[in-house]
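Presented below is the structure to which this report refers.
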Amino acid sequence: MTDIAGMRARNVTFWAQAAPGWIHHADRQDEYGRPLGAAALDRLRARPGERILDVGCGCGGTTAELAAAVAPTGAVVGLDLDESMVAAAAARFPSDRHPGLSFTAADIETAGTVAGAPFDAVFSRTALMLLADPVAGCSTIRRALRPGGRMAATVFRDGATSPWMHAVLLGAAPHLGPLAPMPAGDEPGPFAFADPERVKRILIEAGFEAVTVQPHDIALRAPDDPGTVAEWLIEIGPAGAAYRDAAPPRRAAARAGAARLLARFREPASGYRLTTGIWLITATAAP
Ligand SMILES: C[S@@+](CC[C@H](N)C(=O)[O-])C[C@H]1O[C@@H](n2cnc3c(N)ncnc32)[C@H](O)[C@@H]1O
């Protein structure tokens with residue numbers, strides 16, 4: 001399935017199936033996953049009074065962080081494809097306790113316009129590489145920005161720089177039955193933006209200028225026990241839906257399998273240290 005409509009449908013289905021795992025682990029994702037977006041948050045330099053869009057906001061942790069940065073007069077919109085994650089985000093960060101913060105369910109590729117536009121800035125953490133038609137999605141983002149508005153985003157680099165992802169899948173999958181085929185090459189998926197020149201071409205075609213794509217090596221710190229860390233990483237990954245559908249003995253075997261292959265990322269005193277390669281992307285909306 002390589003046509004754009006087919007890839008888009010696969011993305012919608014994938015996230016509908018992945019959402020329960022992301023919702024279940026939302027607090028853990030906020031805490032342990034923070035390094036995934038920290039460099040882009042720093043680079044965005046959100047200021048009080050600004051209007052900001054968080055694309056592919058998931059369960060809203062980064063959106064709430066941005067809302068605190070633009071308070072008391074600014075506004076932040078978290079946008080995500082999956083309605084259940086948007087609902088979870090709104091429940092975790094209700095607008096009466098987080099003024100200026102709102103969430104909306106939409107596909108950034110087909111949205112046409114984004115409620116709340118124009119924005120001063122756009123943030124996105126590990127979402128843009130999932131777009132079936134990245135030029136279409138990034139064009140919507142550019143149109144949602146005021147001229148000269150800025151974007152700061154992160155995406156994963158190549159698979160070799162995030163070896164724990166393979167460890168989780170290789171350890172868990174044999175216990176969970178057949179999984180959907182993994183994305184190959186440029187197909188939407190965690191490593192679709194591995195080539196920085198392709199990322200630049202996409203953004204320039206979408207109407208951005210001053211595009212930079214810089215490598216960052218980070219480490220996610222997870223001090224939990226092996227079973228908890230294995231379950232978190234299985235549930236937010238491509239085996240998450242099969243894991244939730246599996247009988248308890250198979251789930252236990254999947255956790256143990258993943259934990260065994262994740263053991264080399266565990267340090268006795270501090271717990272897991274999951275090295276991860278990301279690109280830090282910055283760009284400006286052309287006038
Ligand atoms: C890897 S998760 C990251 C979530 C969140 N940014 C975080 O870091 O915790 C990617 C998110 O992008 C969303 N997403 C994927 N394709 C999208 C699209 N076309 N439009 C809007 N959101 C999309 C998914 O639903 C998912 O929540």
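- Not a single donor-acceptor pair under 3.5 Å links the side chain of Thr284 to the backbone N or O of Arg150.
- Residues Ala222 and Val229 approach most closely at CB-CG2, 4.0 Å, considering heavy atoms.
- Donor-acceptor pairing under 3.5 Å is lacking for the side chains of Tyr272 and Asp224.
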Step-by-step side chain to side chain contact (heavy atoms under 4.5 Å, CB included) determination, Trp22 to Asp82: CA-CA 11 Å; Trp22 282 75; Asp82 185 76; over 6 Å; no
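- Residue Leu128 is not grouped with residue Leu280 when hydrophobic side chains (ILVMFWY) are merged at heavy-atom distances under 4.5 angstrom, including chains of intermediate members.
- By the 4.5 Å heavy-atom criterion applied to side chains, Thr161 and Thr275 are not counted as neighbours.
- The nearest pair of heavy atoms linking Ala121 to Leu44 is CB-CD1, 3.9 Å.
- The heavy-atom pair separating Ser84 from Ile23 by the smallest distance is O-CD1, 3.6 Å.
- For the pair Arg244 (side chain) and Gly240 (backbone), a donor-acceptor distance under 3.5 Å is present.
- A donor and an acceptor atom, one from each side chain of Thr282 and Thr212, are located under 3.5 Å apart.
- For Asp54 and Arg125, the salt-bridge test fails: no basic side-chain N is under 4.0 Å from an acidic carboxylate O.
- A 4.5 Å side-chain heavy-atom check between Gln29 and Arg34 finds every atom pair outside the cut-off.
- In terms of hydrophobic clustering, with Ile, Leu, Val, Met, Phe, Trp and Tyr side chains grouped at heavy-atom distances under 4.5 Å, Leu53 and Leu66 are assigned to different clusters.
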Quick one, Leu101 with Phe103, criterion side chain to side chain contact (heavy atoms under 4.5 Å, CB included). Give me CA distance, side-chain angles, the key distance, then yes/no. CA-CA 7 Å; Leu101 178 58; Phe103 294 95; 3.9 Å; yes
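- The minimum heavy-atom distance between Val211 and Ala283, with the atom names listed, is CG2-CB, 4.0 Å.
- Hydrophobic clustering (ILVMFWY, side-chain heavy atoms < 4.5 Å, transitive): Leu262 and Trp232 are in one cluster.
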Candidate pair Tyr243 and Arg250, rule side-chain hydrogen bond (donor to acceptor under 3.5 Å, both in side chains), full reasoning: CA-CA 8 Å; Tyr243 176 80; Arg250 283 188 174 272; over 6 Å; no
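- The pair Asp120-Arg146 meets the salt-bridge criterion, since a charged nitrogen lies less than 4.0 angstrom from a carboxylate oxygen.
- Classified by interplanar angle (parallel below 30°, tilted 30° to 60°, perpendicular above 60°), the ring pair His166/Phe191 is tilted.
- The two residues Cys59 and Arg92 come nearest to each other via the heavy atoms O-NH1, 2.8 Å.
- Arg221 and Glu267 are joined by a salt bridge, as a carboxylate oxygen and a charged side-chain nitrogen come within less than 4.0 angstrom of each other.
- Every residue two or more places apart in sequence or in another chain was checked for a ring-ring contact (aromatic ring centres under 6.0 Å, His included) with His216, and none qualifies.
- Under a cut-off of 6.0 angstrom, the local environment of CD in Glu209 is crowded, with over 12 non-hydrogen atoms contributed by other residues, nucleotides or ligands.
- Of all non-hydrogen atoms in Gly277 and Asp217, the two that sit nearest each other are CA-OD1, 4.0 Å.
- Using a distance-only test at 3.5 Å, with no hydrogens or angles considered, no donor-acceptor pair links the side chain of Glu31 to the main chain of Arg28.
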Assess whether side chain to side chain contact (heavy atoms under 4.5 Å, CB included) is satisfied between Arg157 and Trp279, documenting all intermediate values. CA-CA 6 Å; Arg157 298 210 310 269; Trp279 294 121; 3.4 Å; yes
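- Side-chain N or O atoms of Asp80 include one that pairs as donor or acceptor with a backbone N or O of Cys57 at under 3.5 Å.
- Following chains of ILVMFWY side-chain contacts shorter than 4.5 Å, one can reach Leu131 starting from Val12, so the two form part of one hydrophobic cluster.
- Taking CG from Asp133 and CD1 from Ile4, the interatomic distance works out to 4.0 Å, rounded to the nearest 0.5 Å.
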